[in-house]
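Worksheet: the structure to be examined is printed underneath.
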Amino acid sequence: MTIRVYNTLSGEKEEFVPVQPGKVGIYLCGPTVYKPSHIGHAVGPVIFDAIKRYLTFRGYQVTWVVNITDVEDKLIAEAAAQNLPVFTLAERITENYNDAMRRLGVTGIDHMPKASEYIPDIIAYVQRLIDKGAAYPSGGDVYFDVTADRDYGKLSNRSPDEQFGQRELQSGQKRHPGDFALWKESKPDEPNEVKFASPWGQGRPGWHIECSVMSMKLLGETFDIHGGGMDLIFPHHENEIAQSETATDRPFAKYWLHNGLTRFNTKKIAKSDPEMAKFMEKMVLTRLLDEYGGELLRYLILSTHYRSPIDFSDAEMAAKSKALSTFHRLFERIERVTGRSPYADLLTLEQAPVAGLDAFVAEVGGFRERFVQVMDDDFNTAAAIAVLFELAARVNRFIDENKVESAPQDTTRMATLGAGRVLVELGRLLGLFLEPPVRRSGGSEKLDAVMRVLIDIRQHCRKNKDFATADLIRDKLVEEGITLVDRPGGTEWQMSQ
RNA sequence: GGCGGCGUAGCCAAGUGGACUAAGGCGCGGGUUUGCAAAACCCGUAUUCAUCGGUUCGAAUCCGAUCGCCGCCUCCA
């Protein structure tokens, strides 16, 4: 079985063959840290975190890099507006981003290089392009000459002459309208901290160059997967390819994976869009994490194929929340009937003492195979999640059919736990089910005690067939946001959502 | 204008030439269970994949045209 991925470069699904057998290098374009991250910034990291988890499961040794662009026009402008040193603002926003990543369960990032820490490498790289005749200093800037790259435009299907031929030369500094800055001369009003000495005078890197330099440094001149949002295909990724392949005379990234953009009211979420600006506050990632939690946002992102856009709305989140809780309820149920948590227990279904249940064990194995099959096909997390739902329903049915709740036998109990464990393990390949959801119980001992009293009284009523009073207690508690659930073993309560 | 993507049930969303008489979720209807609920389970919910035409033994899947939506071509995950 081989893994297939859709490659933007070829426009087709291709068999995934890493540059070095057994190893995979992934570079994902991270944020420019000038404003708090919004929901769209979560998409790439979540998807690639799942991809890394999955590739690791498939036996690859994966190195994943996400860059932080911390020297850039907008950041400088924003720092000035806030009257802050550039790197103070950059650090704050980076911390905001990292905090969001943690809460989303994005734990697989191996390196987060910052542009500001690679200035000498960037300068050397620019010099290398000048030496090759593919770049030229002009004023205090240095530009890449797009005509030096024969196949410029191969990623986004545009040729310099067709695309830029008509356009006015905006800057008299450029020879060709499509040329782009590798190095930008410092402007007088910019703070000293972003003025770097170079052979071309004081300046700072252009936008695309840092990704070429840092990816090469950390992953090699040719690496496996380069990712980012679809809006980066042109010009950013196109220019990365141009400068990298011109510098090294070798292929840059082998596979280009681009995720769909997150939308709100069918429009792309973008910080610079004035129309979207009024919703921006709502789209701030940390705020959404407070409201919905990391697992649910992650679930939202993975419940769609990564190349499709996601329309964000509260109504959709409510539906997703209901769906996701199916799993949580099953895990609780498993813990209730087996006394062991599928989150923590390491018992595998194969190891479980489940004599006589071979058919069930085989069926669960079938779900696992289907999961792998759909993930192998361009990381189809949406289809993989569908398999998880089917498995969950199967486990619930197993519990029902075998009366595991009321008349448990050792074998059926162990099979329930083992199957639940399979579900947890598959979910974790997507980064779901990492830990139990926070139980919404009151937490205070006093409340626990009062609830026990109420439940006892209600139990008494029920025994005496005084259902009117029993229901009254239950209804009144609902008004207070507390739900009672009667089970064979007794009544449980929890704070409702 | 150029490049790219999309249009599948009330909604979200897989599937991109034959096992599709189209996954999965939300919602809705019916049933089992329950004192009643909740949860769980079972059944039903698109003869049809924007529209029209073509290729093929066979198309949601390929080709062409039309309509609609979105993204990129300036910064953007």
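The basis for the numbers below is simple: all heavy atoms, side chains too, and nothing from hydrogens, waters or symmetry mates. As the structure is a prediction and not an experimental result, all values here were calculated from the model. Each chain gets a letter, A, B and so on, in the order the sequences are listed, and its residues count up from 1.
Within the nucleic acid shown, T262(A) comes within 4.0 Å of at least one base atom, counting heavy atoms only. Using a 4.0 Å heavy-atom criterion, one finds that N259(A) contacts the bases of the nucleic acid, with or without backbone contacts as well. Backbone-only contact: G228(A) has heavy atoms under 4.0 Å from sugar-phosphate atoms and none from a base. Within the 4.0 angstrom heavy-atom criterion, only backbone atoms of the sugar-phosphate kind lie near R333(A); the bases stay farther away. Nucleic acid contact class of L261(A) (heavy atoms, under 4.0 Å, all strands): base.
Residue side chain D311(A) does not reach the base of C12(B) through any donor-acceptor N/O pair under 3.5 Å, judged by distance alone. A donor-acceptor contact under 3.5 Å is formed by the side chain of R474(A) with the base of C36(B). For G35(B), its base sits under 3.5 Å from the side chain of D471(A) at one donor and acceptor pair at least. Side-chain to base pairing of S156(A) with C3(B): no donor and acceptor N or O lie closer than 3.5 Å to each other.
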Verify side chain to side chain donor-acceptor pair (under 3.5 Å) between S156(A) and R158(A), making sure each step is shown before the conclusion. CA-CA 6 Å; S156(A) 60; R158(A) 50 196 97 194; 3.1 Å; yes
With side chain to side chain donor-acceptor pair (under 3.5 Å) as the test, would you mind laying out the steps for E369(A) and Q373(A) before giving the verdict? CA-CA 6 Å; E369(A) 278 168 33; Q373(A) 200 180 314; over 6 Å; no
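For the C1' atoms, the distance from G68(B) to U8(B) is 16 Å, rounded to whole Å. If you take atom P in U61(B) and the same atom in A9(B), they sit 14 Å apart, rounded to whole Å. As rounded to the nearest Å, C73(B) and C28(B) have C1' atoms that lie 46 Å from one another. Taking the C1' atoms as reference points, C49(B) lies 14 Å from A23(B), given to the whole Å. When the P atom is used for both C70(B) and A46(B), the distance is 30 Å, rounded to whole Å. For the P atom pair drawn from G7(B) and C12(B), the interatomic distance equals 12 Å after rounding to whole Å. One P atom belongs to G44(B), the other to C36(B), and the distance between them is 26 Å to the nearest Å.
Both R394(A) and K465(A) lie close to RNA chain B; mapped to their nearest nucleotides by heavy-atom distance, the more 5′-ward contact belongs to K465(A). Each of A468(A) and I310(A) has a nearest nucleotide on RNA chain B; the 5'-most of these lies closest to I310(A).
Qualifying side chain to side chain contact (heavy atoms under 4.5 Å, CB included) partners for T69(A), counting only residues two or more places apart in sequence or in other chains: T32(A), N67(A), E72(A), E210(A). For T381(A), the side-chain hydrogen bond (donor to acceptor under 3.5 Å, both in side chains) test picks out no residue, with sequence neighbours left out.
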Which string of ( ) [ ] | and . matches RNA chain B, if you list each base 5' to 3' and count Watson-Crick or G-U pairs only when both distances are under 3.5 Å? ((((((((.[[[..)..(.....]]]((((((.......))))))....[[[[[..)....]]]]])))))))....
When every nucleotide of nucleotides 24-30 of chain B is labelled 5' to 3' by its protein contacts under 4.0 Å (heavy atoms), B for base, S for sugar-phosphate only, - for none, what sequence of letters results? SSSS---
Under 3.5 Å, which N/O atoms of the protein pair with N/O atoms of nucleotides 15-18 of chain B?
residue: G15(B); atom: OP1; partner: N380(A); partner atom: ND2; Å: 2.9

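For C75(B), the OP1/OP2 oxygens have no side-chain nitrogen or oxygen of K271(A) closer than 4.0 Å. For R397(A), a side-chain nitrogen or oxygen approaches OP1 or OP2 of C42(B) to under 4.0 Å.
Screening residues 32-44 of chain A for salt bridge (charged side-chain N to carboxylate O under 4.0 Å, His left out) gives no qualifying pairs among residues at least two apart or on separate chains.
Rounded to whole Å, atom P of A23(B) lies 18 Å from atom CG of L388(A).
Remark: aromatic rings of F327(A) and F389(A) are close, center separation under 6.0 Å.
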